[in-house]
Amino acid sequence: MNQYHPAKIEKKWQKYWEKNKTFKTSDSSDRPKFYVLDMFPYPSGAGLHVGHPKGYIATDIVARMKMMQGHNVLHPMGWDAFGLPAENYALKNKMHPAESTEKNVQVFKKQLGLLGFTYDWDREVNTTDPEYYRWTQWMFIEMYKRGLVFESNEPINWCPSCKTGLANEDLDDGKCERCGSIVEQKPMRQWVIKITDYAERLLNDIDKLTEWPEPIKEMQRNWIGKSEGALVKFAVIPTEAQGRAEESLSIEVFTTRPDTLFGCTYCVVAPEHELLRNQKFNIKNQKEVNEYIANAKNKTVMERTELAKEKTGIEIQGIKAVNPANGEQVPIFVADYVLGNYGTGAIMAVPAHDERDWEFAKKYDLPIRCVVIPDAYSVESASKPFSDNFQKDQDVEMTKILLGEKCNVSGGISTNSDFLNGLKTPEAKQKMITWLEEKNIGKKKTQYKLRDWVFSRQRYWGEPIPLVKCEACANKKFNYILIHGFTSNSSRGFKPWLKTELEKDGHRVWNPDLPNTTNPNVNEQAKYVLENSPFSIDEDTVLVGHSLGGPVTYRILESINKKIARTVLVDPVVRPRFNDQDRPEVVASCDWQFDWKKIKINGGKIVVLGDIHRPIIKKEHLVELEKNLGADLWWVIPQNYHFSSRGGAVESEPAVLRASIDSGWSVVDDEELPLELPKVKHYEPSGTGESPLATIEKWVNTKCPKCSGPAKRETNTMPQWAGSSWYYLAYAMPRVKGKYIWDKKVIEYWIGSGLAPRSPSEAQGEGGVDFYVGGAEHATRHLIYARFWHKFLFDIGMVAHDEPFKRLQNLGVILAEDGRKMSKRWNNVINPNDIVARFGADAMRVYEMFMGPFDQPCAWNMQGVVGAKRFLEKVWDLFPRLDKNFTADASVGIMHKTIKKVTEDISEMKFNTAISQLMIWVNELRAQEKTSFDELKNLTLLLAPFAPHLCEELWEMLDQKSSVVNADWPKYNPAKIQDNEITLAIQVNGKLRDTIVVPFDISDTDAKDRALASEKVQKWLEGRAPKKVIYVKGKLVSIVA
RNA sequence: GCCGUGGUGGCGGAAUUGGUAUACGCGCGGGUCUUAGAAGCCCGUUCCGAAAGGAUUGUGGGUUCGAGUCCCACCCACGGCACCA
């Protein structure tokens, strides 16, 4: 037999696999399925370095073992090829991104091909393939139709170098994650996805992810950043009469500590706060304030963070805020330690119990009032010396004494707080919230750190956003009729606000009080509207029906013989059965029979809004309505319960406004998809905020799908994260001539229980890709986006489970030999091609898995690869010792132990110890003169996932016909694992003094006797009688002297 | 600052979850083969000590017959978040 020659063997078997389609995956099988997935790579121009394949090797090992264990395995690979880096690379190399991407993909594919992976290349996906992004665009449109996509002009993160807006997730320490430039805040027209509507579910469902690493889950929890507290309204008043019309003005603050409201001694608004733009009051130091704002604006995110230690701010003179708890007038400051984009952009400052407020108050000498006694100083435990001082009006000193220089109080007992005095923090919070809600000056509020997803990029290389803008439609004026619900009236809830907003835009609005609102009759109310409407109800009419106003709207639409422009149904009653309580008056208000066909026709464009978290109207009713009316159903988080505040105050509901107006935007028809990215010569970013697509007139100018007038396409493109948010589904989609088919049964086969349900409600067990491997750097980006995207697809019935990835495994990066990151910059990159050429792919695979724990970073060591190769050579050299007549009775124990350990370790991603065990066994086998067929067969099978080429060759040498992946994975015999003789350790006073070899089933007393009989033990006992002898079965004897 | 992860020989790391610490590999030392080198092969290799023996899992305490593993306090490294009210 000749030498181990990896180059020859590897080429031979790679050809064999390709020719025999060994890894072709079928969408149906009697065998259980297993879907194992890598985070697909971004095909950069640099090609792969040895770090990249680490995860792919691991999934390949798992895939191969699963195949051998009789599973139908899906193990695909594809390319995440849209996005900024690809475009920047193309620009730098003066190529078209389509070209460079294609070229890079080929390089990557060739490199991966050297390593012997089990990919079914027929399932390769590429996010830049129009047939692929047809679906990305389709999903975006579905989100748009459901009100999850909106246009915004808020300041966003702008990278001056990449010349595009970025999402919060794309930032790294205030810098562009891609190019490292300092990011600016720039107001920009952009498309935003309301991922915040899913914040609560994204947070709660983390608990379902039992097979995810805990640190990743914690990072997601922190990123979502839920805090519960209250909104509190502070009236704003002028300090002296200004001779202007009395206008009510207020600022709203968010606090997690409503219990400390009595300790509020000033308020702070962010420089961006609208109060400062409001000219209603005479601000005495307006100039100074303006300067401060301008100054703050010029600061970058970086500077604002760096200067965090030293807080700045100035008092707004001429106005005061009124603390609603005690009526006290407190100064208002503008300071940039308050963030404009969190909460309401305004805070109540409680310097005694908030570190930042404390700092600020100290600097500007503001009063500090203690309102919570920390638990550590509770009146009983520490009444001296504090209790004496406590009642005195020496708050500043008091706080200092109580809290030293630290002022965080997470919990305690309220004091100096009127009706809260004596209550513990949680109760005080609750009592304050109830009090605020009763007085209608505040309410409970949950706030998230997660921000909506800035989804547009002013760049070329991305999926075109399939939207069309028609100015004529946008400018059209309508006549709105607002129809209130049961026990309500025209002045309640969002209606007055909505009326104002619409009238601002030049629309006409009728907001009537309907008759008999506490004992309503739907027919009577509909009649009232029809008879009293100041406008004729026709194609220029928009009906907005809220709650029981829904059925009134249905009646109106039934009784007219015209089609109106638009119908907005806000949490409308569909059938008189509710989630919370019965309402007999509503039941009695009509016959609940509706002519849905007619309503559907006459309603025009119909939008239904539902409360995603606390619905009064049953979800299935709104879904039914959606179907009956062909409506767009929006699940939103309203500002107020059931879109109407409890106290009847005037409230904004932005979602209702968005649903009510015609923005002029339309979605591209399904037949027009994919909306292809036009091929252009020049695609450099303009830098003005316009996408390079804007200059391609032929492409931009189009027809309005609604009015057929001239319209323009959206020219921004989607971010890289769009295509990667659902690619794991694309692998599971059957294809016909390159077109992806959404076959729910097949998708559910792969990402569900393996059984195909006919509807989401039939879904069984947990869903998701069985096993997903990738880097932890995606914790708060890809993995949040993909979870959101999947939940959306679940909501619209496209998938049957609401989490995409069942088990997640992180991998640790491979560092260069110098311990730094592998990078061109350090000139320390190692190319896998070189390693394969020198040592073979199998040696590289074994080495990378043997380096250390899979999820920990580890530096490359070339000598280690030599060691891996040596090990494979040792295996190879074992085969000439094969004696088919030889049976290895004596050494069979270690074989079964190895089968057990390797099987378990692969399942647990402990490849290093699996290989170690194989090495131990091989070392044992080398000590024998002969090896049995059984030993070599099992060794080949166990090693096959790690070193597939070598093992195919060895398998052939054992006269086996089919590929080794078609062989059965070995099973161990538990009876054979138990050695006949075991070594017991003997400790005297906790120190090891001797070891003895005994039969494995030695009895308790025998073990103790044998231990005590040991000469060494006797020596250490020095004649003393043992006080205590402990026998731990199969392990040791511990003697206490 | 907050959250998370980790700290074991010269190096990468193992340790059945409270039971012989340092498996396996690398490196190093010695030997063997060879004209020589490379590659093999054999032996050794936590530290101190000639040995007997002693010490040792970031540091200091504790629980236990017994602690790398559990508890308390602290130190260091890495990762995430960072004025989030």
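Small disclaimer: the values here were computed from a predicted structure and weren't measured.
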Measure up the A:Y266 and A:F333 rings against each other and bin them: parallel (under 30°), tilted (30 to 60°), perpendicular (over 60°). perpendicular

Candidate nucleotides B:rG12, B:rG13, B:rC3, ranked by approach to the side chain of A:E218 - the nearest: B:rC3

A:F911 CZ to B:rG12 C1', in whole Å, measures 17 Å

Answer with base, sugar-phosphate or nothing: what part of the nucleic acid does A:G867 contact at a heavy-atom distance below 4.0 Å? sugar-phosphate

Whole angstrom value for the distance that separates P of B:rG19 from CD1 of A:I982: 15 Å

Does the distance from a Lys or Arg side-chain N to an Asp or Glu carboxylate O, for A:E873 and A:R870, drop under 4.0 Å? no

Looking across every strand, which nucleic acid part, if any, lies under 4.0 Å from A:I920 by heavy atom: base, sugar-phosphate, or nothing? sugar-phosphate

Hunt down the Watson-Crick or G-U wobble partner of B:rG44, both distances under 3.5 Å, from any strand shown, or write none. B:rC28

Take the angle between the ring planes of A:H778 and A:H782 and call it parallel below 30°, perpendicular above 60°, tilted in between. perpendicular

Please tell me which of the listed nucleotides, B:rA85, B:rU20, B:rC24, lies nearest to the side chain of A:S916? B:rC24

If I pick the P atom on B:rA55 and the same atom on B:rA36, what distance separates them, to the nearest angstrom? 48 Å

Nearest-neighbour nucleotide for the A:D336 side chain, B:rA85, B:rG27, B:rC83 considered: B:rC83

What does A:K1028 touch in the nucleic acid at a heavy-atom separation under 4.0 angstrom: a base, only the sugar-phosphate, or nothing? sugar-phosphate

Less than 4.0 angstrom between a side-chain N/O of A:R993 and OP1 or OP2 of B:rG54, yes or no? yes

By the Watson-Crick or G-U definition, both distances under 3.5 Å, B:rA39 is matched with none

Over how many whole Å does the gap from A:D979 atom CG to B:rU16 atom P extend? 18 Å

To the side chain of A:Q856, which of B:rA85, B:rG13, B:rC24 is closest? B:rG13

So, A:K910 and A:E904, do they make that salt bridge, N to O below 4.0 Å? no

What integer number of Å spans the C1' atoms of B:rU8 and B:rA77? 15 Å

Quick check for you: among B:rC83, B:rG27, B:rC65, whose closest atom lies nearest to any side-chain atom of A:Y337? B:rC83

Residue whose closest nucleotide on RNA chain B lies nearer the 5' end, A:K991 versus A:P215: A:P215

In whole Å, what separates the P atom of B:rC72 from that of B:rU63? 15 Å

Base contacts versus sugar-phosphate-only contacts with protein, heavy atoms under 4.0 Å: please encode nucleotides 37-43 of chain B as B, S and - from 5' to 3'. ---SS--

In whole angstrom, what separates A:E355's CD from B:rA82's P? 18 Å

If you find the nucleotide of RNA chain B closest to A:L1036 and the one closest to A:N861, which residue's nucleotide is nearer the 5' end? A:L1036

Looking for any heavy atom pair under 4.0 Å, which part of the strands does A:S1038 touch: base, sugar-phosphate only, or nothing? base

Among the candidates B:rA15, B:rG19, B:rA85, find the nucleotide nearest to the side-chain atoms of A:D354. B:rA85

Classify A:N912 by what it touches in the nucleic acid, base, sugar-phosphate, or nothing, heavy-atom distance under 4.0 Å. sugar-phosphate

Expressed as a whole number of angstroms, how long is the span from A:F333:CZ to B:rA85:C1'? 17 Å

Look at all strands and tell whether A:S227 reaches a base, only sugar-phosphate, or nothing, counting heavy atoms closer than 4.0 Å. sugar-phosphate

Is the A:F854 ring parallel, tilted or perpendicular to the A:F911 ring (thresholds 30°, 60°)? perpendicular

C1' spacing across the pair B:rG54 / B:rG58, given as an integer number of angstrom: 22 Å

Any strand counts, and the cut-off is 3.5 Å on both contacts for Watson-Crick or G-U wobble. Which nucleotide pairs with B:rU59? B:rA73

Determine whether any donor atom in the side chain of A:K311 lies under 3.5 Å from an acceptor atom in the base of B:rC83, or the reverse, and answer yes or no. yes

Using modelled atom types only, decide if a donor and an acceptor are shared between the side chain of A:D170 and the backbone of A:A167 within a distance under 3.5 Å. yes

Considering every strand and a 4.0 Å limit on heavy-atom distances, what is the contact class for A:Q987: base, sugar-phosphate, or nothing? base

Using whole Å, what does the distance between atom C1' of nucleotide B:rG13 and atom CD of A:Q917 come to? 16 Å

Choose from B:rG13, B:rA85, B:rA15 the nucleotide whose nearest atom is closest to any side-chain atom of A:T255. B:rA85

For A:K1027, which contact category applies under a 4.0 Å heavy-atom criterion: base, sugar-phosphate, or nothing? nothing

Using atom C1' in both nucleotides, what's the gap between B:rC75 and B:rG53 to the nearest angstrom? 33 Å

Specify the separation, in whole Å, of atom CD1 of A:I986 and atom P of B:rG19. 18 Å

Can you figure out which of B:rU16, B:rC81, B:rA15 approaches the side chain of A:K1035 most closely? B:rU16

Between A:K362 and A:E359, is there a salt bridge with N-O shorter than 4.0 Å? no

Of all the choices, B:rG53, B:rC3, B:rA15, which nucleotide is nearest to the side chain of A:W1020 once you look at every atom? B:rG53

Taking atom C1' in both B:rG25 and B:rG18, compute the distance separating them and give it to the nearest angstrom. 28 Å

P atoms of B:rC24 and B:rC74, separation to the nearest Å: 40 Å

When rounded to the nearest Å, what value does the distance between C1' atoms of B:rG49 and B:rU56 take? 15 Å

Please work out whether B:rG9 sits syn or anti, treating a glycosidic angle within 90° of 0 as syn. syn

Cut-off 3.5 Å, side chains only: do A:Q917 and A:T898 have a donor facing an acceptor? yes

With under 30° as parallel and over 60° as perpendicular, where do the rings of A:Y785 and A:W721 fit, or are they tilted in between? tilted

Okay, side chain of A:Y847, backbone of A:N861: is any donor-acceptor separation there less than 3.5 Å? yes

When you measure from the side chain of A:H353 to the backbone of A:V371, do you find a donor-acceptor pair of N or O atoms at a distance under 3.5 Å? yes

B:rA23 phosphate, OP1 or OP2, under 4.0 Å from A:N923 side-chain N/O: no

Using only atom types and a distance under 3.5 Å, with no angle test, would you say the side chain of A:T344 pairs donor to acceptor with the backbone of A:E252? yes

Would you mind classifying the nucleic acid contact of A:T995 as base, sugar-phosphate or nothing, using non-hydrogen atoms under 4.0 angstrom? base

Need one value for A:K1019: base, sugar-phosphate or nothing, where a base atom within 4.0 Å counts as base even if backbone is also close, heavy atoms only. sugar-phosphate

What is the pairing partner of B:rC81, taking Watson-Crick or G-U wobble pairs with both distances under 3.5 Å in any strand? B:rG1

Using atom CG of A:D357 as one end and atom P of B:rA85 as the other, report the distance to the nearest whole Å. 12 Å

